[in-house]
Amino acid sequence: MRSFSFHPGPRLLAGDGQSETLADLLPPGPVLFVTDEQLVGLGLIDKAREALIESGREVVLFDEVEADPSRQTVETAVDTGRSAQVASVVGFGGGSPMDVAKLAAYLLGSGDNLDEVWGVDVAKGQRLPLVLVPTTAGTGSEATPISVITCEGGVKLAVNARPLTADWAVLDAQLTVGLPRSVTAATGIDAIVHAVEAYTSARLKNPISDALAREALRLLSENLLTACTEPANIAAREAMLLGAHLAGAAFSNAPVAGVHALAYPLGGLHHLPHGVSNALMLRHVLQHNAEAARDHYAELAPIVVPQCESGGSQARAALLINRLDQLVAESGIATRLRDYGIDIAEAPLLAREAMKQKRLLVNNPCEITEYDAQRLYEAAW
Ligand SMILES: NC(=O)c1ccc[n+]([C@@H]2O[C@H](COP(=O)([O-])OP(=O)(O)OC[C@H]3O[C@@H](n4cnc5c(N)ncnc54)[C@H](O)[C@@H]3O)[C@@H](O)[C@H]2O)c1
Ligand SMILES: CCCCCCO
């Protein structure tokens with residue numbers, strides 16, 4: 001067997017109503033509860049917050065997280081937690097609040113500054129106790145040691161280090177039932193991209209990530225459209241949440257690549273939702289990769305197109321790409337850059353920005369040059 005390492009994620013607690021058991025997972029003392037205003041307004045945090053208060057804990061609410069959170073938001077969350085001398089942190093929401101919560105727990109616990117810890121395995125300090133509760137399905141952020149922050153000029157930077165791994169992830173699909181169709185679709189596609197890119201990750205692909213990615217892709221591809229069309233279908237919602245978590249565990253160890261690298265500038269510069277950015281670039285990057293990743297794509301094809309055991313690897317790879325593209329379209333996501341007011345003349349700038357994501361591009365099955373990226377953005381326009 002080729003040598004590899006694998007880091008398991010947080011301990012997992014799953015099932016209805018589990019988000020109300022947070023008090024059992026946290027030490028005594030004030031809790032920094034990181035979420036966003038919309039979730040507060042929807043009442044989604046109420047049961048969890050009330051349970052913490054009933055347990056005798058002060059809940060210090062930080063609900064200022066925006067989509068694709070900024071450095072400033074992280075620093076404000078840290079200031080809030082430091083002022084209240086919190087003993088633990090809860091991240092409750094989609095990837096945006098969870099990423100802020102991870103960094104707040106780390107920076108409060110270690111005393112490091114954010115600018116000291118960007119990159120892979122730079123953060124080596126201690127963090128505060130941390131529990132993550134995802135409400136989208138999803139980034140899988142609750143499973144990863146990663147936080148992605150949008151910095152000056154729209155450049156997305158990441159902290160990717162084991163201390164950011166939460167103590168617990170709590171999967172409570174009831175929290176995702178109210179996801180609007182557009183968010184269900186975008187976050188579901190993001191999870192599918194995590195699974196596919198982990199399976200073809202050039203440097204760190206490994207048997208455990210492969211197994212997680214395959215099961216994630218099965219759960220996600222079988223349930224995405226049901227979750228979109230039947231939002232109250234709890235079985236579909238559970239499958240999506242578990243699939244997103246497994247995909248997060250997969251890419252934590254076999255990192256994402258070209259689709260994400262080209263998606264980031266669309267989020268950073270145009271504030272497109274993260275999942276939409278991935279959906280826009282998915283078909284084009286997979287087609288670019290098709291020759292280099294043909295065998296791996298062919299191995300994944302029967303998961304999303306069950307009757308395709310026959311046919312050569314090239315044909316099955318094409319079936320995978322076409323089926324995923326069909327899922328994006330049927331989920332209702334508009335799939336052209338022009339649909340979001342982006343001018344084709346921006347392709348060179350977007351390509352230059354994508355090239356900054358070298359830590360992602362090195363995981364792609366084949367090279368993506370700046371010219372390739374420009375061409376892919378033009379194809380996506
Ligand atoms: N750390 C990681 O491993 C990782 C992985 C992928 C993406 N990300 C990051 O995650 C962010 C995107 O996260 P996201 O796609 O989950 O979206 P998000 O957290 O930005 O939320 C998107 C919108 O959906 C709303 N929402 C969330 N849950 C809801 C619910 N249950 N019902 C109704 N509305 C709900 C939010 O209020 C928000 O308005 C990006 O910053 C991306 O870079 C991180
Ligand atoms: C190191 C960057 C990892 C990216 C996570 C998916 O958005």
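Only a predicted model underlies this, so the values are computations on that prediction, with no experimental measurement involved. For ligands, and for the atoms within them, numbers begin at 1 and follow the listed sequence.
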Asker: If hydrogens are left out, which of T136, L175, D63 has an atom nearest to atom 27 (C) of ligand 1, that is, the closest non-hydrogen atom?
Answerer: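 Looking at heavy atoms only, T136 sits closest to atom 27 (C) of ligand 1.
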Asker: Report yes if P180 has an N/O atom closer than 3.5 Å to an N/O atom of ligand 1; otherwise report no.
Answerer: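 No, no N or O pair falls under 3.5 Å.
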Asker: May I ask you to identify the nearest protein heavy atom to atom 18 (P) of ligand 1, giving residue, atom name and distance to one decimal place in Å?
Answerer: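 Answer for atom 18 (P) of ligand 1: S96 OG, 3.6 Å.
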Asker: For ligand 1, is any non-hydrogen atom under 4.0 Å from D190's backbone (N, CA, C, O), its side chain (CB onward), both, or neither?
Answerer: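 Contact part for D190 vs ligand 1: side chain (C-beta onward).
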Asker: Ion pair present between K124 and D112, side-chain N to carboxylate O less than 4.0 angstrom?
Answerer: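 D112 and K124: not salt-bridged.
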Asker: Classify the contact between T135 and ligand 1 as side chain, backbone, both or neither, using a heavy-atom distance cut-off of under 4.0 Å.
Answerer: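 The answer is both, backbone and side chain.
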Asker: Any idea which part of K102 is under 4.0 Å from ligand 1, heavy-atom wise: side chain, backbone, both or neither?
Answerer: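 Near ligand 1, K102 shows its side chain, while the N, CA, C and O stay back.
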Asker: Would you say H260 and E197 are linked by a side-chain donor-acceptor pair, where the criterion is simply a distance under 3.5 Å?
Answerer: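 Distance-only check passes for E197 and H260.
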Asker: Considering only non-hydrogen protein atoms, determine which one is nearest to atom 7 (O) of ligand 2 and report residue, atom name and distance to 0.1 Å.
Answerer: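 Result: Y264 OH, 2.7 Å.
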Asker: State the atoms of ligand 2, each with its element, that fall below the 4.0 Å cut-off from a heavy-atom position in H274.
Answerer: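 This gives 7 (O) as the contact atoms.
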Asker: Against heavy atoms of L360, which atoms of ligand 2 measure under 4.0 Å?
Answerer: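 Once the distances to L360 are compared, the set is 2 (C).
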Asker: Provide the number and element of each atom of ligand 2 under 4.0 Å from a heavy atom of A158.
Answerer: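 Within the 4.0 Å cut-off of A158, ligand 2 contributes 1 (C), 2 (C).
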Asker: In Å, rounded to the nearest 0.5 Å, how long is the span from NE2 of H271 to CG of L266?
Answerer: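 Interatomic distance, H271 NE2 to L266 CG, rounded to 0.5 Å: 11.5 Å.
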Asker: Could you grab the distance from atom CG of L25 to atom CZ of R11, nearest 0.5 Å is fine?
Answerer: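 Nearest 0.5 Å value for the CG-CZ distance: 8.0 Å.
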Asker: Which protein heavy atom lies closest to atom 43 (O) of ligand 1, and at what distance to 0.1 Å?
Answerer: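 Protein heavy atom at minimum distance: K156 NZ, 2.8 Å.
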Asker: Looking only at protein heavy atoms, identify the closest one to atom 17 (O) of ligand 1 and say how far it is in Å.
Answerer: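 Here the closest protein heavy atom is G95 N, 4.3 Å.
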Asker: Nearest heavy atom to atom 6 (C) of ligand 1 wins, so pick from T139, V276, T187.
Answerer: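 The option holding the nearest heavy atom is T139.
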Asker: Can you check which of R359, H260, Q357 brings a heavy atom nearest to atom 6 (C) of ligand 2?
Answerer: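 Heavy atom nearest to atom 6 (C) of ligand 2 belongs to H260.
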Asker: I want to confirm something. Looking only at heavy atoms, which of L42, T144, L179 is nearest to atom 29 (C) of ligand 1?
Answerer: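 Considering heavy atoms of L42, T144, L179, the nearest to atom 29 (C) of ligand 1 sits in L179.
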Asker: May I ask you to identify the nearest protein heavy atom to atom 34 (N) of ligand 1, giving residue, atom name and distance to one decimal place in Å?
Answerer: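 I find the closest protein heavy atom is Q38 NE2, 3.4 Å.
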Asker: Would you mind checking if E291 and R294 are paired as a salt bridge, meaning a charged N to carboxylate O distance below 4.0 Å?
Answerer: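 Judged by the 4.0 Å cut-off on N to carboxylate O distance, R294 and E291 do not form a salt bridge.
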Asker: When you measure from atom 35 (C) of ligand 1 to each heavy atom in L39, V183, T35, which option holds the nearest one?
Answerer: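 Among L39, V183, T35, the closest heavy atom to atom 35 (C) of ligand 1 belongs to L39.
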Asker: Can you see whether S141 engages D99 through a side-chain donor-acceptor pair at a distance of less than 3.5 angstrom?
Answerer: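 There is such a pair (donor and acceptor under 3.5 Å, judged by atom type) between the side chains of S141 and D99.
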